[in-house]
Amino acid sequence: MRVLGVETSCDETGIAVYDTTEGIVGQHIYSQVELHAKYGGVVPELASRDHIRKTLPLIGQTIADSDLSMNDLDGVAYTAGPGLTPALLVGATLARALAWSLDVPAIAVHHMEAHLLATLLSPSKPQFPFISLLVSGGHTMLVKATDFGEYEILGESLDDAAGEAFDKTAKLLDLGYPGGPEIARLAQQGTPGVFTFPRPMTDRPGLDFSFSGLKTAVQSAVKERSDLTEQTRADIAFALEDAIVSTLYIKCRRALEAHDIHQLVLAGGVAANQKLRERMNDLNADVHYPPIALCTDNGAMIAYAGHERLIRGMSTDLVIDCRARWSIEAINRTGSI
Amino acid sequence: MGLAKASRHIELLDEAATLALGADLTTQFDSGVVYLRGDLGAGKTTLVRGYLRALGYGGSVKSPTYTLVEPYEIDGLSIAHLDLYRVTDPVELEFIGLEDVLRDVSLTFIEWPERGEGYLPTADLVIDLEIRRDGRVARFVLL
């Protein structure tokens, strides 16, 4: 069985095909150069959020690169939410129309469930039940997955996501984007203990996060020093990375202990952070990571999640519907959204 | 009206003061477009959080930096909280479908409005938040 996945919930246009026996047989995430020629030299930045013009050529290219034809598809999966409504509607409309024309089922997929299930595409995949930490520029969320389609949000960020905290404090330190890798690189030269930043919400029970205050903490540290030497910036970067990593570690440990679960999945762009990975090794749990390429938004995770829904007989009624807000706990196991 | 009184500088010593200012705003402003200007960490999202909390919204008020838009429905009132920090060219707002996003929205908060210049609804109120050594200062510009 082969399922096409279409992801257009926010910035990326991602397309992929998942095959029951072969796994991911083709995938593309729109990159600035990849389809550039097709637009006759449109300034890449201008096309960066233009799902309408990117999605269809990207589907064609993915199908062709997979040595398939449209008629080889057994289903079309698309991100139905959460996300930006007009962006979601582009993918939903195209996917549904394509499914209808091919006379195959369309499958509405929850973006966060897809992130969570992407780990099952890695060689060392976790078994249910597991705890998942989704940590990226847009999300910081602890989810308990007891079975396919059975999720409970244990905690989430009340303001800024961890990746956003990296990005914004990097900006305050005049570092580039994305901030996480830049902070990590600079932190290697940092001296422990010169600065100490708060580990927000770790001193009270609960599994929610709050990273917004780190902006102010870093701002104060920057202002305290009249001369912001390279070493001072490195010391700040060290303290910042340490604060974020420690906070994530403490919450994961707490979640695992509270639910007596010994498997942890780390997903999202921040899961690539080396210090975070080292720290998580201290947990009394098997820690799993999706392949790096599947940590950020992509079509492969949508194709896979759609495939898993389809083989369980969950397809979606013939209506085009998207949800800007959609809790992962509200996923209907019957497949309607 | 109340805002005329508020058009002077308002000292905001801590986060609670910014939340309180957002709460105060509910008594004076319940529809239209509010631009929120100020640097990273100035308290723009915090002010919106104060506003929504005062309306009785109990959920989390997250930064819309990544999602660009966070929509809220509170007692039939439709509110959109936009953050254009990641927008590099205002024309992106057309691709995003901003017009569709804001259809049927009665109150819109827009952070980093300068990044969407030419593609945004005009402001009814502008709030400038400035970071000082010992807190924040808010200035209201009523248009």
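Predicted model only: the values in this text are computed from it and were never measured. The chains referred to below are lettered A, B, ... by the order of the sequence lines, with proteins before strands, and numbering in each begins at 1.
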Self-check item: Among the listed options Ser210(A), Ser136(A), Gly137(A), the residue most often paired with chain B at heavy-atom distances under 4.5 Å
Solution: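 Maximum pair count with chain B is reached by Gly137(A).
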Quiz prompt | Gap between atom OH of Tyr66(B) and atom NE2 of His139(A) - 0.5 Å precision | solution =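 Interatomic distance, His139(A) NE2 to Tyr66(B) OH, rounded to 0.5 Å: 5.5 Å.
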Quiz item: Of the non-hydrogen atoms in Ser60(B) and Ser157(A), which two are nearest, and what is the gap between them?
Solution: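 So the minimum-distance heavy-atom pair works out to OG-O, 4.3 Å.
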Practice problem: Measure across Thr67(B) and Leu84(A) and return the closest heavy-atom pair with its distance rounded to 0.1 Å. | Solution: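 Of all heavy-atom pairs spanning Thr67(B) and Leu84(A), the closest is O-CD1, 3.6 Å.
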Practice problem: Please flag which part of Thr85(A) lies under 4.5 Å from any non-hydrogen atom of chain B: side chain, backbone, both or neither. | Solution: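 Contact with chain B involves no heavy atom of Thr85(A) at all.
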Quiz item: Given that the side chain runs from C-beta out, which part of Leu158(A) has a heavy atom under 4.5 Å from chain B: side chain, backbone, both or neither?
Solution: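 Both backbone and side chain.
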Exercise. List the steps and the verdict of side-chain contact (heavy atoms from CB on, under 4.5 Å) for Asp160(A) and Lys62(B).
Key: CA-CA 6 Å; Asp160(A) 295 4; Lys62(B) 293 178 201 171; over 6 Å; no
Answer yes or no: are there more than 12 heavy-atom neighbours, outside [X] itself, under 6.0 Å from its atom [atom1]?
{"X": "Glu73(B)", "atom1": "CD", "answer": "yes"}
{"X": "Glu15(B)", "atom1": "CD", "answer": "no"}
{"X": "Asp104(B)", "atom1": "CG", "answer": "no"}
{"X": "Glu99(B)", "atom1": "CD", "answer": "no"}

Quiz item: Side chains of Glu92(B) and Asp50(A): does their closest heavy-atom pair fall under 4.5 Å?
Solution: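 They are not in side-chain contact.
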Quiz prompt | Ring-face cation of Arg325(A) near Tyr72(B) (centre distance under 6.0 Å, axis angle within 45°) | solution =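 Judged by the rule, Arg325(A) and Tyr72(B) form a cation-pi pair.
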Quiz item: Which is it for Arg136(B) and Thr216(A) under the side chain to side chain donor-acceptor pair (under 3.5 Å) test, yes or no, and what are the steps along the way?
Solution: CA-CA 11 Å; Arg136(B) 313 278 187 266; Thr216(A) 305; 3.2 Å; yes
Quiz item: Looking at Val101(B), Asp100(B), Thr65(B), which makes the most heavy-atom pairs under 4.5 Å with chain A?
Solution: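 Highest number of pairs under 4.5 Å: Thr65(B).
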Self-check item: Interface moiety of Leu98(B) toward chain A, non-hydrogen atoms closer than 4.5 Å
Solution: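 Neither part.
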Quiz item: Which residues in residues 37-56 of chain B have any heavy atom lying under 4.5 Å from a heavy atom of chain A?
Solution: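 From residues 37-56 of chain B, the residues near chain A are Leu40(B), Gly41(B), Arg49(B).
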Quiz item: Do any of residues 163-176 of chain A have a heavy atom less than 4.5 Å from a heavy atom of chain B, and if so, which, in residue order?
Solution: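 If one takes a 4.5 Å heavy-atom cut-off, the residues of residues 163-176 of chain A near chain B are Glu164(A), Lys168(A), Lys171(A), Leu172(A).
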